[in-house]
Amino acid sequence: MDITLEATTSGLATGIAQLDGLIASDGTLLIEAAHDDGTVTLRDLRLAYDAARINASGSGVIAEQSGQLVFDADLSDLALIDARLSGPAEARGMIARDADGALTATGLAAQLMGATLDATGTVQPDPEAFAATGNVAAKVADLSRFAALAGQPLRGSLDLTAEGETSDSGNALSLSTTLEGRDLATGIAQLDQIIAGRLSLSAQAGRTPERIEIRNISLETPQISLTAAGDGAGGPVSIDARLANLGLFAPEFSGPLSANGTVTLQGPEARRVSLDLDATGPGGTTAAVSGNVIDHGARLDLSASGALPLALANSFIQPNAINGTARYDLRVSGAPALASVSGTVTTQGTRVALPETGLAIDDLSGTANLGQSRVQTDFTARMRDGGQVTVTGPVSLTPGFNGDLSVGLAGLVLTDQLIYTTTANGDVTLNGPLTGGARIGGAITLEETNIRIPSGLGPASVSLPDLQHVNEPAAARASRQRAGLIKIEESGGSSRPFALDLSISAPNRIFVRGRGLDAELGGRLRIRGTTAAVAPDGFFELVRGRFDILGKRLTLTEGRVTMQGSLDPYLRFVAETEVEDTVLQVIIDGLASAPEVTFASNPDLPQEEVVSRLIFGRGLDNISPFQAAQMASAVATLTGSGQNDVVGRLRGAVGLADLDVTQTEEGDTQVSAGAYISDNIYTEVTADSAGKQRINLNLDVSNSVTVKGGASNDGDTGVGIFFERDY
């Protein structure tokens, strides 16, 4: 039989989206074939469409024993098959079958998306005599074109070659491969740091019915080198690996990390891998690992010992920081989980900084014993500001991490270096899930406690409402979060708050000082609620105290310090004195960081009148203008308001940089006035009521060098050169 078929098609559709996009346009089909004595010969096959073209020809291609087929094809746009692909593609080659039934592919080649693929191979499909051999070479000029297909932001270029063959009726396989990569990236940050630059990989391996054989593996990049060599008979494989710089992952530990030892693959599927490895690295890092990995990691039977720099954890616990070494001797037996770990972890002299709490640990020492799905802790922390904290008790290693911890406080100094300083003793318990929902209870006794009222009332920083940060770097935003300037965004799965039941006792020696106030208080607090909503019950009341203002001493008649859910106490103090049958009061009320000062009297008088009688012992109508200015400045200073600063308003009115009215040691009135006469020259003139006058001159030569000189009408003169540097 001899047949020639020619056809034209239009609007074909099969319901297969990938195919329909290729054959929907008008096209032609040509088939020339013959059948002779059981052999079918395809002389010509042509399909021509706008989007696709296929040509094929052969002889005896469907014969029982032999034949060959030559083909070539091209597509106008791969996006018609898959939207993640783009651009044209083409393929060609020859497939032949010999008298023994073996299939041979030669000249197989494909080009698509800037990549080329060439391959040859032979397959004997007979199950009783199965055999295969082949090689493949691929070049990818731009991996980014395959990023959508891989679902990763790929970059770089690579060249790949691979050769393989089977033996023993297909029961044995031998494979060798090489790969050269340039500027590779996968979107996985940690991996990309290792493979950046030039990558070179070569490997020879095989498999038999009894084992997997590693003959050699070699991997080289600017950051990592790895060599593995085996005897090809299932014996141990020697491993030698080196990371050029551990600082890529832990900036505190720049330097190389190296590991060597042996790995033994057991069984045809390597379901048991025996390890015997040693590693060393910067910062005293050491590790010795031995044992077995079973069922591809489903079970572990490993022992590990060595030393680990704790600063490796700093990137995960920011803004907190830890610096020290943990020594470990551990065993993992069972599934890869914390519950399968047993052994000990010890540390000595570790330092910890906890900036959000204002605490720092100079010496953290102790032991953690792991076993039976829990860890028994026994640690002592000596604090930088004084005192120590001990933590003992078990913590479960199963999810939830239930704990039953006892925390002992001995002479613990708590301070923010600005508002408060106290010394605490006591015992605190922590019971329940440490990931959220545990209960904090216990009793704490405070020794001498000092609460300082800042010299400058009101907030110390400038507030800029509705300030927007455009293109703010992540590091800058993290700094503002740690400084408390913005709230840290919490995910919907945040942990539950901890319940509180703490008793704080301080019968006396709570001193509140500053702004003329000197008071001693005592009392007791009961703190309930949760860490998210603290509910204090109790306060500290006045034991004794006084209040000094401009040389006048008042007796405190009322005093109370209340904690309202933060370490910034709420104050209320009332000081009284009697002048000419009028009871005068100074009231300090508000948070210790920003209290408000008011003046009251009985009978009721304006604040200015109260201050006048308090300072000068007489009313406003009986004081001098200078005394009135003094009184206004005193009110402004105590209340934290500049609205009544008479001297300040006068200074601004005459355009001076500084204006001050004071008294000399001899009691004379002294006036000082200063002004800039140019951008870098400042002059100040001082005169007193006794006739003494002085002029000072400052010349800023640079940001660091200043020339200063002065002269007075009594013959006192001088000049000097000053160097200063700010750090």
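Throughout, residue positions are numbered sequentially from 1 according to the sequence presented.
- Residues forming a side chain to side chain contact (heavy atoms under 4.5 Å, CB included) with Asp427 (at least two apart in sequence, or on another chain): none.
- The CG atom of Leu500 sits 6.0 Å away from atom CG of Leu502, with the distance rounded to the nearest 0.5 Å.
- If you run side-chain hydrogen bond (donor to acceptor under 3.5 Å, both in side chains) between Thr415 and each of Asp385, Thr423, Thr421, only Thr421 comes through.
- Under the rule for a side chain to side chain contact (heavy atoms under 4.5 Å, CB included), the partners of Ser342 that lie at least two apart in sequence or sit in another chain are Arg331.
- In this structure, CG in Asn369 is found 10.0 Å from CZ in Arg374, a value given to the nearest 0.5 Å.
- Among Asn450, Thr449, Ile504, the single residue meeting the side-chain contact (heavy atoms from CB on, under 4.5 Å) criterion with Thr422 is Thr449.
- Of the candidates Arg509, Arg513, Arg544, Arg544 is the only one forming a salt bridge (charged side-chain N to carboxylate O under 4.0 Å, His left out) with Glu520.
- With values rounded to the nearest 0.5 angstrom, Asn323 atom CG is found 8.0 Å from Thr350 atom OG1.
- In this structure, Ser373 and Ala339 approach most closely via the heavy-atom pair OG-CB, 3.5 Å.
- For the pair Thr346 (side chain) and Gly366 (backbone), a donor-acceptor distance under 3.5 Å is absent.
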Practice problem: May I have the step-by-step check of side-chain contact (heavy atoms from CB on, under 4.5 Å) for Arg384 and Arg351, ending in yes or no? | Solution: CA-CA 9 Å; Arg384 178 172 303 173; Arg351 302 174 66 184; 3.2 Å; yes
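- Taking a 6.0 Å sphere around CD of Gln372, one finds it holds 12 or fewer heavy atoms contributed by other residues, nucleotides or ligands.
- With contacts defined as side-chain heavy-atom distances shorter than 4.5 Å, the pair Val407/Leu409 qualifies.
- Counting only heavy atoms from C-beta outward, the side chains of Ile444 and Ser505 never approach each other to under 4.5 Å.
- The distance from the CG atom of Leu571 to the CD1 atom of Ile451 is 6.5 Å, given to the nearest 0.5 Å.
- The shortest distance between side-chain heavy atoms of Ser365 and Thr380 does not fall below 4.5 Å.
- The shortest distance between side-chain heavy atoms of Val345 and Leu370 falls below 4.5 Å.
- Proximity of Arg572 to Ile587: side-chain heavy atoms (C-beta onward) are separated by under 4.5 Å at one or more points.
- Within 6.0 Å of CZ on Arg327 lie no more than 12 heavy atoms contributed by other residues, nucleotides or ligands.
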Verdict with supporting geometry, Leu412 and Val389, side-chain contact (heavy atoms from CB on, under 4.5 Å): CA-CA 7 Å; Leu412 176 63; Val389 177; 4.0 Å; yes
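- The side-chain hydrogen bond (donor to acceptor under 3.5 Å, both in side chains) check on Glu684 picks up nothing, with sequence neighbours excluded.
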Ser601/Gln585 under side-chain contact (heavy atoms from CB on, under 4.5 Å): CA gap, chis, key distance, verdict: CA-CA 6 Å; Ser601 65; Gln585 292 182 328; over 6 Å; no
The test is side-chain contact (heavy atoms from CB on, under 4.5 Å); show your working for Thr392 and Phe379 and say whether it passes.
CA-CA 7 Å; Thr392 59; Phe379 288 94; over 6 Å; no
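- Taking a cutoff of 4.0 Å between a charged side-chain nitrogen and a carboxylate oxygen, Arg546 and Asp518 qualify as a salt bridge.
- Listed by first and then second residue, the salt bridge (charged side-chain N to carboxylate O under 4.0 Å, His left out) pairs that reach into residues 429-446 are Arg439-Asp501, sequence neighbours excluded.
- Going from atom CG of Leu310 over to atom CD1 of Ile322 covers 4.5 Å, rounded to the nearest 0.5 Å.
- Using a 4.5 Å heavy-atom cutoff, the side chains of Phe498 and Thr530 are not in contact.
- Contact check for Thr582 versus Leu605: side-chain heavy atoms found under the 4.5 Å cut-off.
- Ala519 pairs by the side chain to side chain contact (heavy atoms under 4.5 Å, CB included) definition with Leu517, Leu521, Leu542, Leu556, Phe573, not counting sequence neighbours.
- Considering only heavy atoms from C-beta on, Glu596 stays 4.5 Å or farther from Ile588 through its side chain.
- Among residues two or more places apart in sequence or in another chain, the side chain to side chain contact (heavy atoms under 4.5 Å, CB included) test is passed with Pro399 by none.
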